[in-house]
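Working notes, structure below.
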Amino acid sequence: QHQQAQLQQRVGMNYAAFGACELGRQLRQRKIREQRLRREMSKLPQPEPTSFNEMRTNFSKQRPLFMEMLKTERLYVDSLHVVVSRFMLPLQVALENYAMPILTKREIAVVF
C-alpha cells in the first residue's frame with residue numbers, strides 16, 4: 001500500500017511536470033514567433049529622418065509596437081517565473097529531501 005501511494009504521488013507529479021513542460025513549449029513557440037516578427041520588421045526599409053520633427057513622428061508611430069513588445073516580454077518572464085517557482089524548484093527540493101524523489105536529476109534536466 002505504501003508503494004501504491006508512492007506510485008500515485010509520482011504519477012501526479014509527472015503529470016505536473018508534463019504541464020510545466022507543455023507550458024514551456026508554448027512559451028518557447030511564442031518566443032520564436034516574436035523573434036520572427038522582429039526579424040521581419042528589421043527587413044522593412046527605415047526612412048532616414050532629416051529633422052527632429054520627423055524623428056519624433058517616426059518614434060510616435062513605433063511607440064505602440066515597442067510597448068506591445070515590452071508587454072509581451074514581461075508576460076513571458078512572468079510565465080517563466082511561475083514555471084520555475086511552482087514546478088522546477090519544488091522538484092529540485094524533493095530531489096534533495098526525499099529518499100525516493102518524484103523525478104530524477106536527469107528527468108528534471110530534460111523537462112527544464
Side-chain angles (χ1 to χ4, degrees):
Q1 190 172 14
H2 178 67
Q3 288 178 340
Q4 184 178 5
Q6 286 180 334
L7 180 62
Q8 286 175 344
Q9 181 183 15
R10 189 177 177 105
V11 169
M13 288 308 292
N14 283 338
Y15 182 75
F18 173 78
C21 185
E22 179 63 20
L23 177 60
R25 184 186 64 77
Q26 291 172 359
L27 292 172
R28 284 189 300 277
Q29 285 179 340
R30 174 191 265 176
K31 187 75 169 175
I32 289 169
R33 284 193 304 269
E34 290 169 5
Q35 288 171 344
R36 286 182 186 149
L37 176 64
R38 282 191 210 105
R39 208 174 308 124
E40 290 301 317
M41 288 175 50
S42 70
K43 293 177 184 177
L44 296 174
Q46 297 294 322
E48 290 294 324
T50 56
S51 70
F52 179 74
N53 286 337
E54 280 188 50
M55 287 173 52
R56 190 167 54 185
T57 302
N58 287 339
F59 179 73
S60 65
K61 290 177 183 176
Q62 295 170 348
R63 187 171 177 21
L65 175 65
F66 295 140
M67 295 309 292
E68 181 64 29
M69 288 172 60
L70 181 62
K71 179 181 169 186
T72 302
E73 290 298 315
R74 284 183 177 153
L75 283 171
Y76 176 73
V77 169
D78 289 344
S79 299
L80 285 178
H81 177 72
V82 168
V83 169
V84 168
S85 65
R86 299 270 172 107
F87 296 99
M88 189 178 87
L89 292 178
L91 287 170
Q92 289 175 338
V93 167
L95 180 66
E96 294 172 7
N97 294 329
Y98 297 110
M100 199 171 162
I102 297 161
L103 295 176
T104 65
K105 189 173 188 175
R106 183 179 178 137
E107 290 170 328
I108 292 173
V110 168
V111 171
F112 299 99

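Computed from a prediction, not measured in an experiment: that's the story for all the values here.
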Roughly how far, to the nearest 0.5 Å, is CD of E73 from CG of L70?
8.0 Å
Please say yes or no: joined through hydrophobic side-chain contacts below 4.5 Å, possibly via intermediate residues, are V77 and V82 part of one cluster?
no
Other ILVMFWY residues reachable from L37 by side-chain steps of under 4.5 Å:
M41, L65, M69
Once salt bridge (Lys or Arg N to Asp or Glu O under 4.0 Å) is applied, do any residues pair with E34, and if so which ones, sequence neighbours excluded?
R38
Work out which heavy atom in S85 is nearest to a heavy atom in P90; give both atom names and the distance.
O-CD, 3.4 Å
Who pairs with E40 by salt bridge (Lys or Arg N to Asp or Glu O under 4.0 Å), at least two apart in sequence or on another chain?
K43
Listed by chain and number, what are the salt bridge (Lys or Arg N to Asp or Glu O under 4.0 Å) partners of K61, not counting sequence neighbours?
none
Would K105 and E96 satisfy salt bridge (charged side-chain N to carboxylate O under 4.0 Å, His left out), going step by step from the backbone distance to the final call?
CA-CA 10 Å; K105 189 173 188 175; E96 294 172 7; over 6 Å; no
With rounding to the nearest 0.5 angstrom, report the CG to CE distance, L103 to M88.
13.0 Å
What's the shortest heavy-atom distance between P101 and A94, and which atoms?
CB-O, 3.9 Å
Taken in chain and number order and not counting sequence neighbours, the residues that satisfy salt bridge (Lys or Arg N to Asp or Glu O under 4.0 Å) with R86 are none
Are L27 and L75 co-members of a hydrophobic cluster defined by side-chain heavy atoms under 4.5 Å apart?
no
To the nearest 0.5 Å, atom OG of S79 lies from atom CD of Q26 at 10.0 Å
Hydrophobic cluster membership, I108 vs L89, 4.5 Å side-chain cutoff
yes
Nearest-0.5 Å distance, OH of residue Y76 to NZ of residue K31
5.5 Å
Below 4.5 Å, heavy atoms only, C-beta onward: do F112 and L91 meet side chain to side chain?
yes
To the nearest 0.5 Å, what is the distance between CD (Q92) and CG (N97)?
11.5 Å
Working to the nearest 0.5 Å, report the span between CD1 of I102 and CG of L95.
9.5 Å
The remaining residues in the hydrophobic cluster of I32, counting side-chain heavy-atom contacts under 4.5 Å among Ile, Leu, Val, Met, Phe, Trp and Tyr, are none
